[in-house]
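A quick write-up on the structure given underneath.
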Amino acid sequence: EGWSLEQLKPTISILEKNTMFHLKTEETILRRKNFEHVDIVTRYSEDFLVELHRVVENSIAREQPQELSKFLARWWLGHNTEFHEKVKDWFGPGTETSI
């Protein structure tokens, strides 16, 4: 709070780049493990990046940085719990995955 979106643009850019790196790294790990559902993961990543860009643009246009914060908080919680758990389920019982 207290920062304008104009001031936050460099941070937002870093965030977008790091998120892309994170998602691409996950995808690469899954491909190397011959993960059969990698296309689903790739589609999820692409959809998320489109949505992130849309939220960033809308937040800037409306001067509402809290919209971006809420979106990222929801994604972070869902990605790190639901998504990672789903990937573990896909690998099968007793399989530990750290992605």
Side-chain angles (χ1 to χ4, degrees):
E1 286 188 43
W3 292 72
S4 72
L5 278 164
E6 193 62 38
Q7 292 170 308
L8 292 174
K9 277 185 179 180
T11 302
I12 292 168
S13 177
I14 291 168
L15 172 84
E16 287 179 303
K17 288 175 185 167
N18 282 327
T19 301
M20 286 189 299
F21 175 78
H22 173 83
L23 295 172
K24 287 297 180 186
T25 300
E26 282 181 345
E27 182 183 333
T28 299
I29 290 168
L30 295 174
R31 283 190 189 284
R32 287 183 181 163
K33 290 184 172 236
N34 296 316
F35 180 59
E36 66 180 290
H37 302 287
V38 74
D39 292 338
I40 294 170
V41 174
T42 300
R43 195 170 32 247
Y44 162 85
S45 297
E46 290 167 354
D47 291 348
F48 172 76
L49 292 171
V50 167
E51 184 68 6
L52 174 61
H53 185 70
R54 186 191 65 76
V55 171
V56 166
E57 293 300 315
N58 286 343
S59 295
I60 291 169
R62 295 181 188 148
E63 296 187 16
Q64 297 290 322
Q66 63 274 20
E67 288 179 22
L68 178 58
S69 295
K70 288 176 187 176
F71 172 79
L72 291 170
R74 281 191 306 272
W75 171 76
W76 184 253
L77 291 172
H79 181 78
N80 286 307
T81 55
E82 296 167 17
F83 179 75
H84 284 195
E85 287 302 312
K86 186 66 167 171
V87 169
K88 284 172 36 176
D89 290 344
W90 284 336
F91 272 108
T95 304
E96 279 300 314
T97 58
S98 297
I99 58 172

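For this chain, numbers begin at 1 and follow the sequence in order.
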For residues 8-20, dump all side-chain donor-acceptor pairs below 3.5 Å to protein atoms at least two apart in sequence or in another chain.
{"unit_1": "K9", "atom_1": "NZ", "unit_2": "E6", "atom_2": "OE1", "d": "3.3"}
{"unit_1": "N18", "atom_1": "ND2", "unit_2": "I14", "atom_2": "O", "d": "3.3"}
{"unit_1": "T19", "atom_1": "OG1", "unit_2": "L15", "atom_2": "O", "d": "2.8"}

Side chains of residues 45-55: which donor-acceptor partners sit under 3.5 Å, not counting sequence neighbours?
{"unit_1": "S45", "atom_1": "OG", "unit_2": "V41", "atom_2": "O", "d": "3.1"}
{"unit_1": "E51", "atom_1": "OE1", "unit_2": "R54", "atom_2": "NE", "d": "3.1"}
{"unit_1": "E51", "atom_1": "OE2", "unit_2": "R54", "atom_2": "NE", "d": "3.4"}
{"unit_1": "E51", "atom_1": "OE2", "unit_2": "R54", "atom_2": "NH2", "d": "2.4"}

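Remark: K24 engages E27 in a side-chain contact (heavy atoms from CB on, under 4.5 Å) (not counting sequence neighbours).
For the side-chain contact (heavy atoms from CB on, under 4.5 Å) with V38, the lone residue among R32, R31, K33 that qualifies is R31.
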